[in-house]
Amino acid sequence: VDACRNADSGGDGQVTVDELLTAVTAALEGCGDPEVLAAGIRFVPESRDVGGDRSLLVRIGDELVFNDGSDEPVKALHLATRRVRPLVRQMGVPAGLAVAGDDLFWTELRNGIAPSGCAGPGVIGVVNRTSIAQRTTVTLARGDNCGEATGDVAVAGASVFYVASRVSPNEYDIRSVPATGGPVATLLTTSRRIIRLAADATHLYWMESDTGPDADTAIWRRPLAGGSAERVLGGIGMLIQCQGGFAVADGFVYAAVPG
């Protein structure tokens, strides 16, 4: 600030770019080497439209507030402790929700380019775990939702189950990821669109949609311990948007069907 005030070397009330650069350079001499406050920060890339693709930095009290290219795009850095805390979390459209113990598991659909290359609204599926007590959220998995599969999420034991989908050809995966985070495993793949997903203590259940006059939408299940898929209920017919659905309770499958 003092450098800017003293930059008018000509005394004409105007400051040229050269005068300003000279004054700022002189003011910075003797300040010593710059100190690293935080490392490993990925600033906003050109592909993300946040504030016109600008990296912003402002001091508020004892903290520096800035934006970066992560899933928590606005953070605050405490100047004394060097602790970085997230202020805002990026979020898509919530699609599925399940509660297990003190954790909330949920899926969201984001716009952009999916790993398989399809682009558009809602083509990126993200699976998250939120600690209800600590109010913190971590991402467990992300993948494709190019084929408009269900956003349902199911939790059984120590695993979280969800659906990923691709097009050309149409493929729908049921995948699992450890509830505490870890590698993603594909349990099965089908060419029919999976529109619902559920689980109980022993099995994983899903509904595959079919189209046409002879449509055969069906509910399937597979043991959580592994094994072959078993058809539970078929002949449901063709479902339209917002139709269909099922629930599993006390050893029974309750299904909502057309008609």
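Every heavy atom of this structure was used, including side-chain atoms; hydrogens, water molecules and symmetry mates were not.
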Exercise for review: Assess whether atom CZ of Phe252 is packed by more than 12 heavy atoms of other residues, nucleotides or ligands within 6.0 Å.
Suggested key: no

Check your understanding: Should we say atom CG of Leu97 is surrounded by more than 12 heavy atoms from elsewhere, each under 6.0 Å from it?
Key -> yes

Check your understanding: When clusters are formed by joining ILVMFWY residues with side-chain heavy atoms under 4.5 Å apart, either directly or through shared neighbours, do Val184 and Val153 land in the same one?
Key -> yes

Review point. Passes side chain to side chain contact (heavy atoms under 4.5 Å, CB included), Asn170 versus Ser191? Steps please.
Key: CA-CA 6 Å; Asn170 292 341; Ser191 60; 5.6 Å; no

Sequence-distant partners of [X], side-chain contact (heavy atoms from CB on, under 4.5 Å), two or more places apart:
X	answer
Leu187	Phe161, Ile174, Ser176, Leu204, Arg222
Asp152	Thr150, Arg196, Leu197
Asn111	Pro121
Val138	Arg129, Leu140

Can you tell me how far [atom2] of [Y] sits from [atom1] of [X], rounded to the nearest 0.5 angstrom?
X	Y	atom1	atom2	value
Thr217	Glu208	OG1	CD	9.5 Å
Glu148	Ile195	CD	CD1	12.5 Å
Asn128	Phe105	CG	CZ	10.5 Å

Please list, chain by chain and in numerical order, all residues satisfying side-chain hydrogen bond (donor to acceptor under 3.5 Å, both in side chains) with [X], sequence neighbours excluded.
X	result
Ser116	Asp144
Asp103	none
Trp106	Thr130
Arg231	Asp216

Point to revise | Donor-acceptor contact present, side-chain Thr107 to main-chain Gly151, <3.5 Å | key: yes

Exercise for review: Give a yes or no on whether the backbone of Gly147 and the side-chain of Tyr172 come within a donor-acceptor separation of less than 3.5 Å.
Suggested key: yes

**Study point:** CA sep, side-chain torsions, deciding dist, call: Trp220, Thr190, side chain to side chain contact (heavy atoms under 4.5 Å, CB included)
**Key:** CA-CA 11 Å; Trp220 295 76; Thr190 178; over 6 Å; no

**Study point:** Pairs touching residues 105-201 that satisfy disulfide (SG to SG under 2.5 Å), sequence neighbours left out
**Key:** Cys118-Cys146

**Study point:** Contact summary for Tyr162 and Ala141, nearest pair of heavy atoms
**Key:** OH-CB, 3.5 Å

Show me the side-chain donor-acceptor pairs of residues 57-64 shorter than 3.5 Å, one per line, residues at least two apart or across chains.
from	atom 1	to	atom 2	distance (Å)
Arg59	NE	Gly61	O	2.9
Glu63	OE1	Arg85	NH2	3.0
Glu63	OE2	Arg85	NE	2.9

Point to revise | salt bridge (charged side-chain N to carboxylate O under 4.0 Å, His left out): pairs with one or both residues in residues 164-186, sequence neighbours excluded | key: Arg166-Glu171, Arg166-Asp173, Asp173-Arg175

Point to revise | salt bridge (Lys or Arg N to Asp or Glu O under 4.0 Å) against Glu230, all qualifying residues, sequence neighbours excluded | key: Arg221

